[in-house]
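Just below is one structure, and these are the notes that go with it.
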Amino acid sequence: MVIFSDECAALSDMAKTTACADMLNIDSDLLVGKLFRLFCWLSENRENGFFAEHEIGLIADKMRWKKSSKKLIEALCYTAPGEKAGFLVEAPGGFSVYGWDSYFIPVRRIQESEYKNRLKRNEHFEALMKASAALFSLCDFE
């Protein structure tokens with residue numbers, strides 16, 4: 001599960017979205033939906049946004065792309081004028097989502113932060129309980 005960032009919400013207005021959609025002969029809003037499918041799947045299965053070259057067919061399946069998976073990857077790698085990179089960039093042995101961390105905040109990171117906060121609260125609670133026990137031990141209830 002992911003929480004999408006503001007940058008991810010602006011995908012439909014990016015030049016690379018329009019260029020990629022045009023290359024695939026689909027509407028840019030349809031592409032955004034397919035990208036969300038990809039990002040969600042990657043966040044659960046490839047936390048770093050990388051997938052191996054031999055997984056191109058799997059990526060096409062996860063995006064529910066029925067046409068050429070090679071053409072899909074080429075379009076996702078295309079750098080539109082004015083952009084630094086396409087949605088994907090070639091990496092050793094495969095591809096990575098460009099700007100992976102800027103598109104979403106993995107829930108696991110949030111969960112880790114919440115876990116640390118809970119530990120701190122538990123430590124404070126335990127200290128309070130010990131202090132309370134010490135105070136009660138001083139009281140004579142007879």
Side-chain angles (χ1 to χ4, degrees), residues 1-139 141:
M1 175 181 277
V2 296
I3 297 174
F4 291 99
S5 70
D6 292 340
E7 185 166 334
C8 198
L11 279 174
S12 59
D13 298 325
M14 293 179 173
K16 63 181 165 185
T17 304
T18 305
C20 183
D22 288 347
M23 290 177 73
L24 296 170
N25 295 316
I26 61 173
D27 182 76
S28 59
D29 288 335
L30 177 60
L31 176 61
V32 169
K34 291 184 177 299
L35 287 168
F36 277 136
R37 289 185 60 78
L38 174 62
F39 292 168
C40 288
W41 184 83
L42 285 171
S43 73
E44 290 294 321
N45 298 280
R46 307 288 189 280
E47 288 184 11
N48 61 359
F50 173 84
F51 60 92
E53 192 169 346
H54 70 272
E55 295 178 304
I56 289 173
L58 174 65
I59 297 305
D61 287 344
K62 296 305 174 189
M63 293 180 75
R64 298 225 172 123
W65 183 253
K66 304 295 183 197
K67 299 175 186 174
S68 167
S69 56
K70 184 179 177 185
K71 184 177 177 181
L72 171 65
I73 300 301
E74 287 172 5
L76 292 172
C77 287
Y78 175 73
T79 303
E83 297 283 348
K84 294 180 182 176
F87 289 107
L88 300 179
V89 291
E90 288 190 50
F95 300 90
S96 279
V97 174
Y98 178 77
W100 178 245
D101 289 332
S102 68
Y103 285 121
F104 71 92
I105 304 162
V107 170
R108 285 181 185 88
R109 288 187 195 160
I110 293 170
Q111 289 171 336
E112 287 173 11
S113 175
E114 288 176 356
Y115 176 74
K116 288 176 185 175
N117 288 336
R118 283 188 193 140
L119 283 178
K120 287 179 186 175
R121 284 194 305 267
N122 286 346
E123 288 171 4
H124 292 296
F125 179 74
E126 286 177 21
L128 182 62
M129 293 302 291
K130 286 179 183 177
S132 296
L135 282 174
F136 278 118
S137 70
L138 296 175
C139 296
F141 291 108

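Keep in mind the model is a prediction, meaning the values are calculated, not measured. In this chain, numbering begins with 1 at the start of the sequence shown.
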Handout entry: Those residues that, when tested against N48, pass side chain to side chain contact (heavy atoms under 4.5 Å, CB included) (two or more places apart)
Key = R46, F50

Practice task
Evaluate the side chain to side chain contact (heavy atoms under 4.5 Å, CB included) criterion for residues F87 and L38: first the C-alpha distance (whole Å), next the side-chain angles of each, then the deciding distance (0.1 Å), finally the verdict.
Solution key: CA-CA 11 Å; F87 289 107; L38 174 62; over 6 Å; no

Practice task
Any pair with a residue in residues 84-97 that passes side chain to side chain donor-acceptor pair (under 3.5 Å), sequence neighbours left out, goes on the list, sorted by first then second residue, please.
Solution key: none

Exercise for the section: Determine, stepwise, if the pair I56 / F95 fulfils side chain to side chain contact (heavy atoms under 4.5 Å, CB included). Expected result: CA-CA 9 Å; I56 289 173; F95 300 90; 3.8 Å; yes

Exercise for the section: Check whether any side-chain heavy atom of L35 sits under 4.5 Å from a side-chain heavy atom of L76, and report yes or no. Expected result: yes

Handout entry: Pairing residues for K67 by the side chain to side chain contact (heavy atoms under 4.5 Å, CB included) criterion, not counting sequence neighbours
Key = W65

Handout entry: Closest non-hydrogen atom pair between M63 and K34, with its separation
Key = O-NZ, 3.1 Å

Handout entry: Counterpart residues, side chain to side chain contact (heavy atoms under 4.5 Å, CB included), relative to E74 (two or more places apart)
Key = K70

Handout entry: pair L58-F51: side-chain heavy atoms closer than 4.5 Å
Key = no

Problem - Residue pair E83 / M14, side-chain heavy-atom distance below 4.5 Å - result: yes

Handout entry: R37 to K62 - nearest heavy-atom pair and separation
Key = NE-O, 3.0 Å

Exercise for the section: Determine whether C77 and I73 make a side-chain contact, defined as any pair of heavy atoms from C-beta on separated by less than 4.5 Å. Expected result: yes

Problem - Polar side-chain atom of K16 near backbone of T79 as donor-acceptor pair, under 3.5 Å - result: no

Fill in the blank from the handout: On a heavy-atom basis, the closest approach of F39 and W100 is O-CH2, 3.9 Å

Practice task
Locate the shortest heavy-atom distance separating S43 from C40; write the atom from each residue and the value.
Solution key: OG-O, 2.8 Å

May I have the list of side-chain donor-acceptor pairs in residues 20-32 shorter than 3.5 Å, sequence neighbours left out?
from: D27; atom 1: OD2; to: D29; atom 2: N; distance (Å): 2.9

Practice task
Go through the structure and list residues passing ring-ring contact (aromatic ring centres under 6.0 Å, His included) with Y78, not counting sequence neighbours.
Solution key: none

